[in-house]
Structure formats: structure tokens, C-alpha cells
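Labels below follow one simple rule: chain letters A, B, ... track the order of the sequence lines, proteins then strands, and each chain is numbered from 1.
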2 protein chains.
Amino acid sequence: MFKVTAVTKEEVDNCPIRQVLSQVFGKWQMLIVLALEDGPLRFGELKRTVGDITQRVLTENLRKLERDGYLSRTVDPGPPVAVSYALTKLGEDWIDHLKPVVIWAAKNHPEIAENRAAYDAP
Amino acid sequence: MFKVTAVTKEEVDNCPIRQVLSQVFGKWQMLIVLALEDGPLRFGELKRTVGDITQRVLTENLRKLERDGYLSRTVDPGPPVAVSYALTKLGEDWIDHLKPVVIWAAKNHPEIAENRAAYDAP
DNA sequence: CAGTATCCTTTACGATACTG
DNA sequence: CAGTATCGTAAAGGATACTG
């Protein structure tokens, strides 16, 4: 159904997986987007919610997500300054489509863990 | 709805995103799985279908996908030897859940490209 | 044909220190 | 508070050559 063959530059540019999904399937992007599901969060709150992410990497990923339009960044100059991040329409739409996949992953986690153990065994 | 906070090792181990999805959202895994959607393919066919992937990287990703149970590897000792890869039940189930996301990405590709251009502009 | 083996480059990520 | 700056590590990927 989808053309995944890609040898020319045009084919790569038109591949939704390479152009769109590759930017949201890193180690942190999904976690960040899901963290914003229940409403806007400030930088520090976001960092605490995701848990084990460094400031540098969080900033980096927030910029990527903002660039693609999944979230917006709002600055309230204080002092002290307060920056909050919120999902855009695109971001909410994205999360609606992402969640079934996350639910599937949670459901199949046990089976996949078994498969790995069996494969690694002797 | 999902707990994405993860500070302890246990929380990370039980996070479906980190444990399951991180292994299928690399640069090539989705393309490989989608390439097998219409039926089994041999190594060389798979390589030609995906297009610009090297032998080394294709092998590497096939092993990961086989390990998690998304596809099976069947060897027909020739000579010449013929190895074919096919989706398993899990792989087909996965692709059914993955496709809506790919379709979403294709649909929103233009908007996201605009967002990027606007962000990068001046 | 279907891989391995090597070597190299790029990208992501991590740790820590510093600043308006 | 919300970053930036620097430095270092590790994983992914790319190029090329070789093999049962």
C-alpha cells in the first residue's frame, strides 16, 4: 500500500516515515508529548514529569517538536521568567493517533519480552 | 492516562515506549516491516525494495525484528542458499496498528513541512 | 545469495558547569 | 527558572571488502 522503495532524493523527501515520523520517534519525543497530554507544563515541571532527562536534551527535543508544530512555547517574562509548553492542534491530533500504538505496545510488552528471552537463551 | 514518569529502573523497564517502541522506531525498522506487508521476501529482494540500505544495516535490523518476534527467518539450503523473511502474527498485528500512524504522517506531511520552513525562515 | 568483517562518520545522548 | 556552553560517550548508520 505504501511505497517504501526509495532510491532517489525525491522519493526520500516524499516518504512520510523518513520525513515526519523519524522526528517524533526518538528516545524522548513521545514521552514529552504524552507528558503534555493533560495540559500545559512549564519547563521544570516537564523535566520532573519525564524524570530522567537532562536539561540539555529536554531543550533540544522541545525545539524539534516546536519546529514541527506539535507544541507551542509561551514566555511570561517575570521576573522570574516562566516558560510553558502546550500541545497545538497538530500535537493533540498526533497524540490521538499515537496512543493506540502505545496501548498496543503495553499490551504486547510481555510477549515481546518472552520472544527476546527465547531468542537470547542458548 | 499513561505514566511516563520514570526515575527508577523498574519504571523504565515497564514503560512500553522505552521497551517496545524504541526497537521498532529506528530509521529502518518500519520500512522493513512495511516492505513485508504483501508477503515474504528474500534478503536481496528486501534490500532492493527498501532501496538505500546497506547489507550490514539490513542484517542488523532484521535480527532485531526477528528477536522481538515481528518476523521469521526461513533458510532453504540450496545451493544456492535462499533465505526468506516473513511477518509473524505479531508482525501483522503490529503493522495493522502502525499503518494508521503512517497514513496520518503522510496526510500531515505538507503542514509539517510548512511549519519547519516557517520556523527556520528568518 | 546472504551474509561477515573492518573501519569510519554522524547523531543522539549524558554529565557538569555556568548565566540572564 | 529556563536555559546555554562544553566536553565526552555510545549507539546507529555508511562504505567497502571479503566469504561459505
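If you measure from atom CZ of Arg63(A) to atom P of dA12(C), you get 16 Å, rounded to the nearest angstrom. One interatomic measurement links the two molecules: CZ of Phe43(B) to C1' of dA2(C), which rounds to 6 Å at whole-angstrom precision. Going from atom CD of Glu45(A) over to atom P of dC1(D) covers 10 Å, rounded to whole Å. The CG atom of Asp76(B) sits 21 Å away from the P atom of dG20(D) (whole-angstrom rounding). Atom NZ in Lys47(A) sits about 12 Å away from atom C1' in dG3(D), given to the nearest Å. Rounded to whole Å, atom P of dG14(C) lies 14 Å from atom CD of Gln55(A). Between the CG atom of Leu58(A) and the C1' atom of dG3(D) there is a distance of 10 Å, given to the nearest Å.
Comment: Arg63(A) does not engage Asp68(A) in a salt bridge, judged by the lack of any side-chain N to carboxylate O separation of less than 4.0 angstrom. Ionic pairing of Arg56(A) and Glu60(A) is present here: one or more N-O contacts between side-chain nitrogen and carboxylate oxygen are shorter than 4.0 angstrom.
Judged purely by distance below 3.5 Å, without hydrogens or angles, the side chains of Trp104(A) and Asp93(B) pair a donor atom with an acceptor atom.
At dA2(C), none of the side-chain N or O atoms of Arg48(B) fall inside 4.0 Å of OP1 or OP2 (strictly under the cut-off). When the side-chain nitrogen and oxygen atoms of Arg42(A) are compared with OP1 and OP2 of dA2(D), one or more of them lie within a distance under 4.0 Å. Listed pair Tyr85(A) / dC1(D) fails the phosphate criterion, with no side-chain N or O lying under 4.0 Å from OP1 or OP2.
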Nucleotide N/O of nucleotides 11-15 of chain D paired with protein N/O under 3.5 Å:
unit_1: dA12(D); atom_1: OP1; unit_2: Lys64(B); atom_2: NZ; d: 3.4
unit_1: dG13(D); atom_1: OP1; unit_2: Lys27(B); atom_2: N; d: 3.1
unit_1: dG13(D); atom_1: N7; unit_2: Arg56(B); atom_2: NH2; d: 2.7
unit_1: dG14(D); atom_1: OP1; unit_2: Lys27(B); atom_2: NZ; d: 3.0
unit_1: dG14(D); atom_1: OP2; unit_2: Trp28(B); atom_2: NE1; d: 3.3
unit_1: dG14(D); atom_1: N7; unit_2: Arg56(B); atom_2: NH2; d: 3.3
unit_1: dG14(D); atom_1: O6; unit_2: Arg56(B); atom_2: NE; d: 3.0
unit_1: dG14(D); atom_1: O6; unit_2: Arg56(B); atom_2: NH2; d: 3.4
unit_1: dA15(D); atom_1: N6; unit_2: Arg56(B); atom_2: NE; d: 3.2

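Atom CD of Gln19(A) sits about 10.5 Å away from atom CD1 of Ile112(B), to the nearest 0.5 Å. With rounding to the nearest 0.5 Å, the separation of CG in Leu46(A) from CG in Asn61(A) is 10.0 Å.
Counting only residues at least two apart or in different chains, side chain to side chain donor-acceptor pair (under 3.5 Å) contacts with residues 72-83 of chain B comprise Arg73(B)-Tyr85(B).
The aromatic rings of Tyr70(B) and Trp94(B) are tilted relative to each other, their planes meeting at an angle between 30° and 60°.
Scanning all heavy atoms of the two residues, the minimum distance from Arg18(A) to Val50(B) falls at NH2-O, 3.6 Å. Among all heavy-atom pairs drawn from Val20(B) and Arg116(A), the shortest one is CA-NH2, 4.1 Å.
Distances from the side chain of Val81(A) to the nucleotides dG20(C), dG3(D), dA2(C) place dG20(C) closest.
One end of the helix from dC1(C)-dG20(D) to dG20(C)-dC1(D) points its axis 50° away from the other end's axis, with each axis taken from 5 pairs and the angle rounded to 10°.
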